[in-house]
Amino acid sequence: DRANAYFVPAHFVVLQVPGYDGMQYYEIAKEFSLVFQPSQWSELNISDAMSYSYQRMLLPAIAFALSFGHYPALPWVFLLINLACLLGTGWLLFKRAGNPLFGAALALCPAAMVGLHFSLAEPLTLFLCTLLLLRLEERGKMGITEVALLCGLVLAREVNVLLAAFLVAFFFWKMQWRNALLACVGIVVFVA
C-alpha cells in the first residue's frame, strides 16, 4: 500500500498507479534535510527515478522549509504553495492586462489544475515563468532578480532549461551580450 510506504498522513489520497511526480516531491520534501548530509545520501534513493526527481528540487525545498520539517504538514503545504502560485499568476496577469479573464485563463488552465490535483510543480512553474516574462517585458534586460527567477525555473522543472536556452539565443540575436551571459547562469545551474 503506497500510503503506508510513503507515510502519508491520514485523510490524504495516494493513487494506486505506478507512481507520479507528486509522490516523489513528497518523499524528497520529507527527507530534504538529508540533502545537506553527504553521509546520508544513500538513504535518499528509494527508487530508480529519485535521482531524476532531485533535478526538480525547488518545490520540495520550499515545502520542506514552510513545513518546518514537520512532514505530516507537507500535503497541506504543497496544496497551499500551489494555490498561492495560481493566485499569484492570476493576479500578475490581471495587474498587467487589467482583464480578469487573462489571469483566470492561465491560473485555471488544465496544466495548472492537473498540477494542483497531483501536487506537481506546474503551478510554481507558471508563476515563476509569468513573473520572469513580465519583468523582462517591463525592464528589457536581465538583472539579479531575473537570473534568480530563471534559476528557480530550471530547479522547478528540467524542461525549463529550454526557456533559458531560448533567452540566451534571443539575447545573442539582439546582440545583448550581457543579458545573454546572465541568461546562461540558468543553464549552468541546471547542469550543476
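Numbers here simply count residues along the sequence, with the first being 1.
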- Are N160 and C129 close enough that some pair of their side-chain heavy atoms sits under 4.5 Å apart? no
- Message: Taking the ring centre of each residue, are W177 and F172 less than 6.0 Å apart?
- Response: yes
- Item | Residue pairs, two or more places apart or on separate chains, that pass side chain to side chain donor-acceptor pair (under 3.5 Å) and touch residues 181-192 | none
- Message: Return the CG to CG distance between N179 and L136, rounded to the nearest 0.5 Å.
- Response: 8.0 Å
- Note on the structure: Taking every heavy atom of V189 against every heavy atom of C151, the minimum-distance pair comes out as CG2-SG, 3.5 Å
- How long is the span from the CE atom in M57 to the CD1 atom in I62, to the nearest 0.5 Å? 11.0 Å
- Check whether F171 and L162 end up in the same hydrophobic cluster, where Ile, Leu, Val, Met, Phe, Trp and Tyr are linked by side-chain heavy atoms less than 4.5 Å apart. no
- Message: Are L86 and M113 packed together at the side-chain level, in the sense that at least one heavy-atom pair is separated by less than 4.5 angstrom?
- Response: yes
- Item | Contacts of type side chain to side chain donor-acceptor pair (under 3.5 Å), residue E137, not counting sequence neighbours | R96
- Identify whether I187 and I144 are in the same connected component of the hydrophobic contact network (ILVMFWY, side-chain heavy atoms under 4.5 Å). no
- Message: Can you confirm whether F127 sits close enough to I81 that some side-chain heavy atom of one is under 4.5 Å from a side-chain heavy atom of the other?
- Response: no
- Item | From CG (L126) to OG1 (T130), nearest 0.5 Å | 6.0 Å
- Can you tell me how far the CZ atom of R135 sits from the CG atom of L92, to the nearest 0.5 Å? 10.5 Å
- In short, A183 meets A164 closest at the heavy-atom pair O-CB, 4.3 Å
- Same cluster for V154 and V188 if Ile/Leu/Val/Met/Phe/Trp/Tyr side chains link at under 4.5 Å? no
- Could you tell me which non-hydrogen atom of L74 sits nearest to which non-hydrogen atom of A63, and how far apart they are? CD2-O, 3.6 Å
- Note on the structure: Closest heavy-atom pair, P123 versus C85, reported as atoms and distance to 0.1 Å, is O-CB, 3.4 Å
- May I ask whether L108 and L87 are part of the same hydrophobic cluster, defined by side-chain heavy atoms of I, L, V, M, F, W, Y residues being less than 4.5 angstrom apart, directly or through others? no
- Task: From the options L124, L131, L128, L58, select the one residue that forms a side chain to side chain contact (heavy atoms under 4.5 Å, CB included) with L153.
- Result: L128
- Message: Do V159 and T125 make a side-chain contact, defined as non-hydrogen atoms from C-beta onward lying under 4.5 Å apart?
- Response: no
- Note on the structure: All heavy atoms of G103 vs all of L93, minimum pair found to be CA-CB, 3.6 Å
- Query: Parallel, tilted or perpendicular for W173 and F170, by the 30°/60° rule?
  - Reply: tilted
- Task: Specify the closest pair of heavy atoms between Q176 and G140, including all atoms of both residues, with the distance to one decimal.
- Result: OE1-O, 4.1 Å
- Linked, directly or transitively: W76 and L83 (ILVMFWY side chains, under 4.5 Å): yes
- Is E146 salt-bridged to K141, cutoff N-O under 4.0 Å? no
- Query: So, do L167 and L132 sit near enough that their side-chain heavy atoms are less than 4.5 Å apart?
  - Reply: yes
- Message: Working to the nearest 0.5 angstrom, can you tell me the gap between L155 CG and L59 CG?
- Response: 12.0 Å
- Query: Does L150 reach the side chain of V185, with side-chain heavy atoms less than 4.5 Å apart?
  - Reply: no
- Query: Who passes side-chain contact (heavy atoms from CB on, under 4.5 Å) against L182, sequence neighbours left out?
  - Reply: M142, V147, R178
